[in-house]
Peer 1: 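Take this structure first; my questions come after.
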Amino acid sequence: MSSSTKIIAIDGPAGSGKSTTARKVADKLGFIFLDTGAMYRAVTFLALEKKIPLSDSEALQNLAASMQIEFSDDSEGQRVSVNSRDITSQIRTTEVTAAVSEVSAHAGVRRHMVAKQMEMGEKYDIVAEGRDTTSVVFPDATLKVYLVASIEERAKRRVIDFQRMGKITTVQEQIKAIQERDDYDSGREHSPLKMTDDSIQVDTTKLTIEGQVNKIIELFKEKIGE
Ligand code: DC
């Protein structure tokens, strides 16, 4: 961020409501929504397509350095393109979801993604969400929020997300998948998921989306003294 841009950074584990909430907060405030997880998913999708081994740090780092990621909006939400190719639905498949934690654990991949994210923060007012936006990408964010929710609630939300994509899965399956991803994201060496001392924790288990959005806007207004 530069001294003139305002940043709301939201981190938290998978399924805590970050994307939906951050997108709506950004819409309401007229800020840009930055889904940092979508960037790691884009690298992962290309890596799988190119059959790059998920342990090959150098090849993954080169891939991350060479790709052009772009976000655009349409009536259904945000679209993600890489090298001018729309991959919005491809980055949400179970294959990408299963591989993304491993890809995003490579320091070289993170370095390139973080540089792109910081560059955006220099230019625009942003609502960013991910795992390290409060700690690494935007340590001086205007507002830092750490979203949590019970694992059962997070798994239920994932089942509904998958249903929308025409895929049937169970709450039990999702609890297992989410637990594995949480452990990996929190236990990795580089930029693990953690709540910073200056983040405000918001538990979304019992909140509606609207309740989450209003809460964050309220916290933001308090921060900027409105
Ligand atoms: O939020 P998501 O499920 O789209 O994120 C996908 C993965 O990307 C997540 O398992 C960890 C990784 N990620 C990350 O390492 N750092 C971020 N800032 C965002 C996501």
Side-chain angles (χ1 to χ4, degrees), residues 7-23 33-48 54 57 60-61 63-64 67 69 71 77-80 82 87-121 126-139 141 144-149 151 154-155 157-162 164-165 169 174-196 199 204:
I7 308 282
I8 299 179
I10 305 176
D11 285 332
S16 55
K18 300 183 301 290
S19 294
T20 319
T21 310
R23 183 182 302 125
F33 165 52
L34 176 59
D35 177 351
T36 61
M39 297 173 69
Y40 292 99
R41 285 172 180 273
V43 184
T44 305
F45 167 70
L46 280 194
L48 292 174
L54 302 185
S57 301
L60 291 170
Q61 179 179 329
L63 177 67
M67 58 196 273
I69 304 179
F71 292 105
Q78 194 165 54
R79 304 209 68 82
V80 184
V82 68
I87 54 164
T88 309
S89 53
Q90 289 94 315
I91 63 169
R92 305 282 163 199
T93 61
T94 34
E95 290 75 18
V96 169
T97 302
V100 64
S101 282
E102 194 171 346
V103 171
S104 63
H106 292 285
V109 170
R110 304 200 68 82
R111 201 165 47 247
H112 290 293
M113 295 299 116
V114 168
K116 287 180 210 271
Q117 292 154 14
M118 285 178 162
E119 216 175 277
M120 283 183 70
I126 280 181
V127 183
E129 61 95 349
R131 303 296 188 288
D132 63 346
T133 69
T134 56
S135 55
V136 177
V137 188
F138 300 118
K144 298 183 184 183
V145 174
Y146 192 79
L147 284 191
V148 293
I151 192 150
R154 292 191 282 137
R157 292 176 188 169
R158 274 290 134 99
V159 170
I160 296 170
D161 286 346
F162 275 115
R164 287 206 189 99
M165 293 189 276
T169 168
Q174 288 309 309
I175 287 181
K176 188 165 171 283
I178 287 176
Q179 190 66 62
E180 275 171 18
R181 210 138 66 90
D182 280 359
D183 291 349
Y184 207 111
D185 295 343
S186 317
R188 70 184 177 211
E189 184 187 351
H190 306 290
S191 316
L193 169 68
K194 62 169 196 257
M195 178 170 149
T196 64
S199 292
T204 70

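Atoms within each ligand, like the ligands themselves, are counted from 1 in listed order. Worth saying up front: this structure is predicted, and the values here are computed from it rather than measured.
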Peer 1: Ser101 heavy atoms, cut-off 4.0 Å: which ligand 1 atoms fall inside?
Peer 2: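 Matching atoms, with element in brackets: 10 (O).
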Peer 1: Nearest protein heavy-atom contact for atom 8 (O) of ligand 1: which residue, which atom, what distance?
Peer 2: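 Answer, as residue, atom name and distance: Val100 CG2, 3.6 Å.
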Peer 1: Which ligand 1 atoms, with their elements, are less than 4.0 angstrom from a heavy-atom of Asp185?
Peer 2: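 By the 4.0 Å cutoff, the relevant atoms are 9 (C), 10 (O), 11 (C).
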Peer 1: Minimum heavy-atom separation for Arg92 and Asp35, please, with both atom names.
Peer 2: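 Result for this residue pair: NH2-OD2, 3.2 Å.
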Peer 1: Between Tyr40 and Val114, which heavy-atom pair has the shortest distance, and what is it?
Peer 2: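 That would be OH-CG2, 4.1 Å.
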Peer 1: Please enumerate all residues that pass salt bridge (charged side-chain N to carboxylate O under 4.0 Å, His left out) together with Lys194, with sequence neighbours excluded.
Peer 2: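 Lys194 satisfies salt bridge (charged side-chain N to carboxylate O under 4.0 Å, His left out) with no other residue.
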Peer 1: Any N or O of Arg158 that comes nearer than 3.5 Å to an N or O of ligand 1?
Peer 2: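 There is no such contact.
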Peer 1: Any N or O of Arg110 that comes nearer than 3.5 Å to an N or O of ligand 1?
Peer 2: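 Such a contact does occur with ligand 1.
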Peer 1: Nearest heavy-atom pair of Ser19 and Glu129: which atoms, and what distance?
Peer 2: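 That would be OG-OE2, 2.7 Å.
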Peer 1: Quick one: does Tyr40 get an N or O within less than 3.5 Å of an N or O on ligand 1?
Peer 2: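 No.
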Peer 1: Strictly below 4.0 Å, N to O, side chains only: are Asp185 and Arg131 in salt-bridge contact?
Peer 2: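 Yes, this pair counts.
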Peer 1: Any side-chain donor paired with an acceptor under 3.5 Å for Gln117 and Thr36?
Peer 2: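 No, because no side-chain N or O of Gln117 sits under 3.5 Å from a partner of the opposite role on Thr36.
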Peer 1: Output yes when the distance from some N or O of ligand 1 to some N or O of Arg131 is under 3.5 Å, and no in every other case.
Peer 2: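 Yes, since at least one N or O of Arg131 sits under 3.5 Å from an N or O of ligand 1.
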Peer 1: Among all protein heavy atoms, pick out the one at the shortest distance from atom 19 (C) of ligand 1; state its residue, atom name and that distance to 0.1 Å.
Peer 2: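 Looking only at protein heavy atoms, the one closest to atom 19 (C) of ligand 1 is Thr36 OG1, 3.4 Å.
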Peer 1: Which residue owns the protein heavy atom closest to atom 20 (C) of ligand 1, what's the atom, and how far is it?
Peer 2: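 Nearest protein contact, heavy atoms only, for atom 20 (C) of ligand 1 is Gly37 CA, 3.5 Å.
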Peer 1: For atom 6 (C) of ligand 1, which protein heavy atom lies nearest, and how many Å away is it?
Peer 2: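 The answer is Arg181 NH1, 3.5 Å.
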Peer 1: Under the salt bridge (charged side-chain N to carboxylate O under 4.0 Å, His left out) rule, collect the residues that match up with Asp161, sequence neighbours excluded.
Peer 2: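 Expected list: Arg158, Arg164.
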Peer 1: Check ligand 1 against Arg188 and write out every atom of the ligand that is under 4.0 Å from a heavy-atom position of the residue.
Peer 2: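 What qualifies from ligand 1 is 14 (C), 15 (O), 16 (N).
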Peer 1: Taking all heavy atoms of Thr204 and all of Ala149, pick out the closest pair and write down the distance.
Peer 2: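 So the minimum-distance heavy-atom pair works out to OG1-CB, 3.4 Å.
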Peer 1: Indicate yes or no: does Asp182 engage Arg188 in a salt bridge with an N to O separation below 4.0 Å.
Peer 2: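 No salt bridge links Asp182 with Arg188.
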Peer 1: If the cut-off is 4.0 Å to any non-hydrogen atom of Arg41, which atoms of ligand 1 fall inside it?
Peer 2: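 Once the distances to Arg41 are compared, the set is 2 (P), 3 (O), 4 (O), 6 (C).
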Peer 1: As an exercise, identify every atom of ligand 1 less than 4.0 angstrom from a heavy atom of Ser104.
Peer 2: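 So the atoms of ligand 1 that pass are 11 (C), 12 (C), 15 (O).
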Peer 1: Do Thr133 and ligand 1 have an N or O pair less than 3.5 Å apart?
Peer 2: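 By distance alone, the answer is no.
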